[in-house]
Amino acid sequence: MRPYRRLLAALAALSTAEIVLRIAAPFAMALVVDHALGTTPLAGWVARGFGALGLSTERGDLLVALGLAGFGLQLLHELVVMWHGRLGVRVGQGMIRDVREQLFAHMQAWSLRHHGAMPAGDAVQRLEADTRCVDQIVMRGVFPVVFSFLTLAFMFAVLVTIDVTLAFVSLAVVPPMYIWLRYYTRRMRPHADHARSTDSRLSTRLFEAMTAIRLIKSHAREAHEQERFSDLAGDNARAWIGVGHQGTVFSIGTAALTIAGSTLVLLLGGRAVLTGGISLGTLLLVLAYLGYVYGPLSAIANTTGTMQQALASARRVRAAFDIVAETHGAEGALAADAMRGEVRFDGVSFSYGDGHRVLDEVSFSARPGEMIALVGPSGAGKTTLASLLVRFYDATEGRITIDGVHIEQFQLRSLRQKIALVLQDSIVASGTVADNIRYGRLDATDLQVEDAARAANAHDFIKHLPQGYETELGEGATRLSGGQRQRLSIARAFLKDAPILILDEPTSALDTIAELQVVDAIKRLWAGRTTFVVAHRLSTVRHADRILVMDRGRIVAQGTHEALLETSPLYRQLALQLVDPHLPQPTAHRVEGFLDRRGA
Ligand SMILES: Nc1ncnc2c1ncn2[C@@H]1O[C@H](COP(=O)(O)OP(=O)(O)OP(=O)(O)O)[C@@H](O)[C@H]1O
Ligand SMILES: [Mg+2]
């Protein structure tokens, strides 16, 4: 709001000018009726004013002069209204942009827990559609309400000087209008909230369907998805019909009140004209004012529906802002500058929130430059362990230290700068190939990008793309194969040049030839870095200085390949499958668990 102080002040000035012009314009008409068409002589000061301007007060001339004056005032009024409108749009859109920028920054800072809790479609809806509420609330709510009341006050003041009774009569509708507004607002709120939440569910559904389009097509589930979508679209339509219906009921109420008000004024004012209490011009003047007062009043009343929707949106935006962001490190947090890369887990336990311990008292340490392989059945907690090191989540119990410093004492950004992560499914962003590699270090030169690509064995396939490094990848990068995407991620990690490296199943999606290329690149990458590789290929595991065998959140054995073959039955069993990647991962305990549950 603060940056808009000047613009808002300008808007207030324009609105005031608008009110003054509104009050002035009907005077011309009243004067025409009473003095040019009627026979009442002009008030002394008006006649003197005309004289001073060198104008004749003869009735014909008066008609022309007052007509022109009225014309000028109305034209000026319209000009002011136009400026007002233009400025209003500028302020409104500016505020929307600001709120969006702030919300986007805030959403990026949510922790992964919160990202997990809010579906992407819902977040998009809040950021894109709900943020529009600021414009509606300020420009179509607060401003009009304040200025209708100001208009009302001004006109009441003027009316009182003309005819006290009529002034009060015309105000008679205000209290019932207020009560009606209050009552309706309360009724409307749940409808508006509900309608907005169906909006959100609809866009979440849409977002998910578009993201999972391959899944849908591969299972030929279009009809099923259509049905799910139609159900939500139906709910959404019904919710908005409900809101619209409430709106019309409300409008009828307001219309009835304003009509009653004008009729009352017409009746009482008409009687006063008949008994000679006031002139016809005065009555017309009062009626014109009433139009100006009731107009904005019923406009506010009619926008209450919209306002309720905007308030519902505002609550959703607020809720998104209320989600706490990751703490990027308290005052005095350490910058992770020269890191040797000594990593230590000390009795680390972790739960995703449902109480179930995904990691259970995990302890181990890695010397700088050591290469550690994590193996274990699916669901053992390997990816989770890696996520804790980059603080996607914080350990529920225990300590993780790097070079002897608790990782929560580092500035989050600088910690993540020092760890390169190649994920299980490599994510490629829209942009060119070069942009994607450069994501690891934004200021890298073209030459450095190419070097990284060569080191990642990606240069050759990139050269064969239509525009080489400048090939646009587009969202999802569907034009790249799994192995190619993985090598892009590895090139990115090369460029980041971090002392700690985490590779989560870097060769999972690859055939043997592609795997050889990737493994070759990875070996170059991990040289001199503390490396964690989650792997299920013997080719990778065998190079490890040490292998940690995980099962159900615990480290059940550790040592070299040869030693573990001797000592760990689980590793022996895993090693059989590590040799032959075509066998499924062992999930024995899950099958047991499933049978147990079924039996229970
Ligand atoms: N975001 C999450 N929220 C809740 N539970 C989760 C989440 N991610 C993983 N889990 C659970 O935590 C456990 C460990 O998952 P994790 O991804 O660490 O296993 P993993 O060893 O990497 O398995 P895989 O070899 O299949 O990749 C699993 O039981 C899983 O269901
Ligand atoms: Mg995993």
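One-based numbering, in listed order, for ligands and for the atoms of each. Heavy atoms only: backbone and side chains are in, while hydrogens, waters and symmetry mates are out.
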(request) For A380, counting its heavy atoms only, list the atoms of ligand 1 lying under 4.0 Å from any of them. (result) 19 (O), 21 (O)
(message) Under 4.0 Å from a heavy atom of T384: which atoms of ligand 1 are those, numbered in the order shown and with their elements?
(response) 14 (C), 15 (O), 16 (P), 18 (O)
(request) Give a yes-or-no answer on whether the side chains of R344 and T401 include a donor-acceptor pair shorter than 3.5 Å. (result) no
(message) Under a 3.5 Å threshold, yes or no: a donor from one side chain and an acceptor from the other, between T530 and R367?
(response) no
Should one rank [options] by closest heavy-atom distance to [atom], which comes out on top?
atom                    : options                : result
atom 26 (O) of ligand 1 : S378, A117, A386, G553 : S378
atom 11 (C) of ligand 1 : F392, F350, Y352       : Y352
atom 17 (O) of ligand 1 : L388, T383, D551, L112 : T383

(message) Strictly by ring pair (Phe, Tyr, Trp, His ring centres under 6.0 Å), give each pair with a member in residues 439-464 just once, sequence neighbours left out.
(response) H459-Y469
(request) Take the angle between the ring planes of F350 and Y393 and call it parallel below 30°, perpendicular above 60°, tilted in between. (result) tilted
(request) Anything under 30° is parallel, anything over 60° is perpendicular, the rest tilted; go ahead and classify Y571 against H561. (result) perpendicular
(request) Enter the distance from E397:CD to E361:CD here, rounded to the nearest 0.5 Å. (result) 6.5 Å
(request) State whether the shortest distance between N or O atoms of G376 and N or O atoms of ligand 1 falls below 3.5 angstrom. (result) no
(request) Would you check whether V358 has a nitrogen or oxygen atom less than 3.5 angstrom from a nitrogen or oxygen atom of ligand 1? (result) no
(request) Could you confirm whether T384 has any N/O/S atom lying under 2.8 Å from the Mg ion (ligand 2)? (result) no
(request) Could you pull out all residues at least two apart from R438 that satisfy side chain to side chain donor-acceptor pair (under 3.5 Å)? (result) D446
(message) Looking at ligand 1, is there an atom of it that comes within less than 4.0 Å of some heavy atom belonging to G116?
(response) no
